[in-house]
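It should be emphasised that the depicted structure is a prediction, and the values quoted were computed from it without experimental measurement. So you know, we letter chains A, B, ... as the sequences are listed, proteins then strands, and number each from 1.
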Amino acid sequence: MLDLVDYLDVPFVQRMLIAGILASLACGVIGTLVVVRRNVFMAGGISHSSFGGIGFAYYMQHLGLTWFDPMLGAVLFATGAALLLGSEPIKRRYREDSTIGALWVIGMAVGVLLINLVDRNNIRVLSFEAILFGNILLTSTSDLVVIGAILCIIYIFILFLFKDTEILAFDEEFARISGINVTVLNTAILIMIALTVTILIKIVGVVLVLAMLTIPAAISNLFTKRLSMMMLASSGLGVIITTAGNLISIELDTPPGATIVILMGAAYLLSLMGKSIYTRVLSIIRIE
Amino acid sequence: MMKNEVALKIENLSAGYDGEMIIKDIDLKVEHGDFFGLIGPNGGGKSTLLKAILGLIQPAKGSIRVYGFDPSRGRKFVGYVPQYSSFDKDFPITVQNVVMMGRRRSKGVRPWYSGRDLEVVKDSLSKVDMQEHIDRHINALSGGQKQRVFIARALASEPRMLLLDEPTASVDATIEESIYKLLTELNKDMTIILVTHDIGIISSHVGTVACLNRHLFTNNDQNITADMLERAYQCPVDLIAHGVPHRVLPPHDHGG
């Protein structure tokens, strides 16, 4: 068995680690917004409906459009789902969780149906397992460029619009009164969520996206009192846990996506216990 | 500021959602410097009227003028204080950042706040006597303290009018009294309009009172008596039943 240090020289391991770090940085910002805006279930719907986009892309390849990358299909479907869920008439008229549930399962069904139609002798199709639970080991250099570009867009967005985003997330009515274009900003945030989800599908897969998006943010929420600090903390936490998960998965030969998610789940559990003990100790000290 | 300037003028207003009118044929005039209390039962259209004044919903009929402007422009003169209990208690935000939101309109699209913005925020917090809590998490405060912070957020926009939605809804009697004292103090510089379903809170601080239950019923008596309150709360049924025409508040001298 090779030493862990020796693995760091292997190119695909390097790409895997870099992909994990870039995705965690995107999650630090966007996952924080998802958590404080209570969009977690919505992000789940966006992620699962993008499975339909991946199926759609393979089907397009089957029809001869060989340039139609699965990631392109995922971006299109994820963005479409996000815009649909965020549109004012739909939000006003229908129950949000019902709409999300419908998009969630329809996306999955469309994906399964279309992938089944594809002639797999001619077109190389990822296994369902890789799509659903991630294939970070297959990260290519061009994937890294795309993930890096999306991270740049997210950083530019939050650098210029952090304050407006904070007001909108905290108090939408006040945002409207204060002259913020709520519709445009909401749409922009939803597109950022869709882009982030697409990055994450590459790493942890459709099903496990929610973990990377919400758990580091939810942990940070327990210990911070500023939105900016929550973003910084969940970025750092995400980088540490994801990198650790990737390394462990190499060492123990376990699936990387699932390993990362288990680590995050354990960290969340410990944090909740830690916070509860901390609060109790604090109240005892205050009483005495 | 001229004393007899009209802060809010509503004429023949009907408004609601999806074609259903919640409030009908409202006429109202509030002068600058007034302390105006709007009472009425839940479901009587108080929040619809608030939303219309703030330009969050469009009137189906009639007009609203806030300091002479359409609500979407006039609301820059308005400091709005919503019910603090409607906020997410886990949201990571400090008192300073909540109050800083009041500076958004004057900041515009610039990504950062200036030193003057911070000065105004500190000043607003000291007006509500909360300056020492500036770095605390909003949820570490008591109900009355939160209410003061949201009043400070409204003050940070340097408004001519404060518009408060149930400002004493979830606080006890002592704190209620202190909030009224604060509002009376603030009333020296600005118009105050507050809305509540609880007649108990209309104390001697309020200058004028009106009752809203789909229609608006006004009483130009500045001395609020138990008898008047009783009438005001029952007025919807009575006045509709007897077909008494709605009266508009006559312009009155505020004693200044």
Chain A and chain B: which donor-acceptor pairs fall below 3.5 Å?
{"unit_1": "A:Arg38", "atom_1": "NH2", "unit_2": "B:Asp88", "atom_2": "OD1", "d": "3.1"}
{"unit_1": "A:Arg38", "atom_1": "NH2", "unit_2": "B:Asp88", "atom_2": "OD2", "d": "3.4"}
{"unit_1": "A:Asp164", "atom_1": "OD1", "unit_2": "B:Arg104", "atom_2": "NE", "d": "2.6"}
{"unit_1": "A:Asp164", "atom_1": "OD2", "unit_2": "B:Arg104", "atom_2": "NE", "d": "3.3"}
{"unit_1": "A:Asp164", "atom_1": "OD2", "unit_2": "B:Arg104", "atom_2": "NH2", "d": "3.0"}
{"unit_1": "A:Asp171", "atom_1": "OD2", "unit_2": "B:Arg153", "atom_2": "NH1", "d": "3.1"}
{"unit_1": "A:Asp171", "atom_1": "OD2", "unit_2": "B:Arg153", "atom_2": "NH2", "d": "2.8"}
{"unit_1": "A:Glu173", "atom_1": "OE1", "unit_2": "B:Tyr80", "atom_2": "OH", "d": "3.4"}
{"unit_1": "A:Ile177", "atom_1": "O", "unit_2": "B:Arg105", "atom_2": "NH2", "d": "2.3"}
{"unit_1": "A:Asn221", "atom_1": "ND2", "unit_2": "B:Asp90", "atom_2": "O", "d": "3.1"}
{"unit_1": "A:Lys225", "atom_1": "O", "unit_2": "B:Ile93", "atom_2": "N", "d": "3.2"}
{"unit_1": "A:Lys225", "atom_1": "O", "unit_2": "B:Thr94", "atom_2": "N", "d": "3.4"}
{"unit_1": "A:Lys225", "atom_1": "NZ", "unit_2": "B:Asp135", "atom_2": "O", "d": "2.5"}
{"unit_1": "A:Arg226", "atom_1": "NH2", "unit_2": "B:Asp135", "atom_2": "OD1", "d": "3.3"}
{"unit_1": "A:Leu227", "atom_1": "N", "unit_2": "B:Pro92", "atom_2": "O", "d": "3.0"}

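- Using bins of under 30°, 30° to 60° and over 60° for the plane-to-plane angle, the ring pair A:Phe170/B:Phe150 lands in the parallel bin.
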_Between A:Leu227 and B:Ile93, is the side chain to side chain contact (heavy atoms under 4.5 Å, CB included) condition met? List the steps._
CA-CA 6 Å; A:Leu227 190 64; B:Ile93 194 159; over 6 Å; no
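- Neither the backbone nor the side chain of A:Leu222 comes within less than 4.5 Å of any heavy atom of chain B.
- Contact annotation for B:Pro71: neither backbone nor side-chain heavy atoms come within less than 4.5 Å of a heavy atom of chain A.
- With chain B as partner, the option from A:Ile180, A:Leu159, A:Leu161 having the largest number of non-hydrogen pairs under 4.5 angstrom is A:Ile180.
- Heavy atoms closer than 4.5 Å to chain A are found in the side chain of B:Val98, but not in its backbone.
- Of the two parts of A:Ala169, the backbone and the side chain both hold a non-hydrogen atom closer than 4.5 Å to a non-hydrogen atom of chain B.
- B:Pro92 has its side chain within reach of A:Val36: a pair of non-hydrogen atoms, C-beta onward, lies under 4.5 Å apart.
- Looking at residues two or more places apart in sequence or on another chain, you find no ring-ring contact (aromatic ring centres under 6.0 Å, His included) involving A:Phe160.
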